Amino acid sequence: MLYDAVVIGAGPAGITAALYLVRSGVSVALVENAAPGGQILSTAEIENYPGFPKSIKGWELADLFDAHLAGYPVDRVRGQVLSVTRADDRTFRLALEDGKTLDAKAVVACTGAHHRKLGAPGEDAFAGKGVSYCAVCDGNFYRGRDVAVVGGGNSALEEALYLSRIVNKVYLIHRREAFRGAMIYQNKVRETPNIELVTGSVVDEIRGGNLGMDSVVVRRLDSGDIRVIPVDGIFLYVGMEPVSGYLPPEVNRDAAGFVLTDAEMCASVPGVFAAGDLRAKRCRQVSSAVGDGATAATAALSYLEQWNA
Ligand code: NAP
């Protein structure tokens, strides 16, 4: 079947794009690789999405987004898109990992970004045995124990705060003295008695044995001093990598692979739009993803008008 638009990814950007498209009367498929919600599913509390002054749990907001779309005739397709190619001059063909294909006049890419790996020795060996990228998913395993968090952005600060309410002690390891995360989180982190800041320091190794990791080797960058910190778990938040590899090579990206768009969310290939964390931009928030999704859908609708003319 040829859809007017296929939206790839069911996070806040994708759900919003699908909602705006279907409400405008065009045929829409939404390809979802995992449960709807994207990264907010692994976010404990969302404090900065307007309308929820007492904050909302990530999974609750994901459920609300999904429920909002549920009443509309969007084809929900479960799967992972492996490639987007040309079916002909005017249409795109999306190949899914199960061999299915979908054809579309317009493609709205909303596949977001994954947490980047740190690249430290021991990171792979102890993955799932102490090394985690999701405090909400795994934090409870470390109740009453000591853990480390690595990074200085909003994710690291927020998740260190979340973990501090569960575990005995959090060592927050960051390579610089200054944090890049929001001041409100920096202040909270500094005021939390069971968070120890280990700044100006990098992780040289994650160590352990058969039962899992048991310590992290940290090196001060100015003096070279080594400190071995005994922890049962380490949560790595050292930035994001875009999920953009399935898009055609003609779609321009920045050096890190984030998709370059104009202010209307149009990518460099006509008919391809990108919204949310996948896009090269500064602000990666639920609210900006929702805005991107609405903008991309609006631009896609103009494109479809020309397509059908
Ligand atoms: P980020 O803002 O890119 O921060 C990554 C952190 O990891 C930086 O502090 C960086 O250090 C550090 N880092 C990078 N590579 C490293 C390495 N090899 N070794 C040690 N440290 C390394 O990533 P993020 O925190 O995952 O956030 C991603 C985006 O989502 C951001 O735009 C963020 O604002 C947004 N976000 C927002 C919220 C919220 O507002 N509630 C929550 C989560 C995420 P340097 O600082 O030295 O570069």
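Bear in mind that the values here come from a model prediction, so they are computed numbers and not experimental data.
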For [X], I'd like to know if atom [atom1] has over 12 heavy atoms of other residues, nucleotides or ligands within 6.0 Å.
{"X": "M1", "atom1": "CE", "result": "yes"}
{"X": "L2", "atom1": "CG", "result": "yes"}
{"X": "K57", "atom1": "NZ", "result": "no"}

Looking at [Y] and [X], is any side-chain nitrogen of the basic one under 4.0 Å from a carboxylate oxygen of the acidic one?
{"X": "E60", "Y": "K54", "value": "no"}
{"X": "R220", "Y": "E177", "value": "yes"}
{"X": "K117", "Y": "D124", "value": "yes"}
{"X": "E47", "Y": "K188", "value": "yes"}

May I ask you to test the [X]-[Y] pair for a side-chain heavy-atom distance under 4.5 Å?
{"X": "F52", "Y": "L64", "value": "yes"}
{"X": "V108", "Y": "Y20", "value": "no"}
{"X": "V26", "Y": "K105", "value": "no"}
{"X": "N168", "Y": "N194", "value": "no"}
{"X": "R90", "Y": "D88", "value": "yes"}
{"X": "T192", "Y": "V170", "value": "no"}
{"X": "R76", "Y": "L30", "value": "yes"}
{"X": "N48", "Y": "S287", "value": "no"}

Is it the case that the side chains of T111 and Y246 hold a donor-acceptor pair, with the cut-off being a distance below 3.5 Å and no angle test?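 The criterion, which ignores hydrogens and geometry beyond distance, is satisfied for T111 and Y246.
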
Polar side chain donor-acceptor pair, R190 to N187, under 3.5 angstrom: no

From [atom1] ([X]) to [atom2] ([Y]), nearest 0.5 Å:
{"X": "D292", "Y": "D277", "atom1": "CG", "atom2": "CG", "answer": "8.5 Å"}
{"X": "D98", "Y": "L82", "atom1": "CG", "atom2": "CG", "answer": "9.0 Å"}
{"X": "Q285", "Y": "Y49", "atom1": "CD", "atom2": "OH", "answer": "11.5 Å"}
{"X": "L260", "Y": "D262", "atom1": "CG", "atom2": "CG", "answer": "10.5 Å"}

If hydrophobic clusters are built by linking Ile, Leu, Val, Met, Phe, Trp and Tyr wherever their side-chain heavy atoms come under 4.5 Å apart, do I40 and V7 end up in the same one? yes

Going hydrophobic residue to hydrophobic residue with side-chain gaps under 4.5 angstrom, can you get from F273 over to V251? no

Closer than 3.5 angstrom, by distance alone: can the side chain of [X] be matched with the main-chain N or O of [Y] as a donor-acceptor pair?
{"X": "Q39", "Y": "A113", "result": "yes"}
{"X": "S288", "Y": "C283", "result": "yes"}
{"X": "T199", "Y": "H174", "result": "no"}
{"X": "S223", "Y": "D225", "result": "yes"}

Taking the six-membered ring for Trp, are Y162 and F235 closer than 6.0 Å centroid to centroid? no

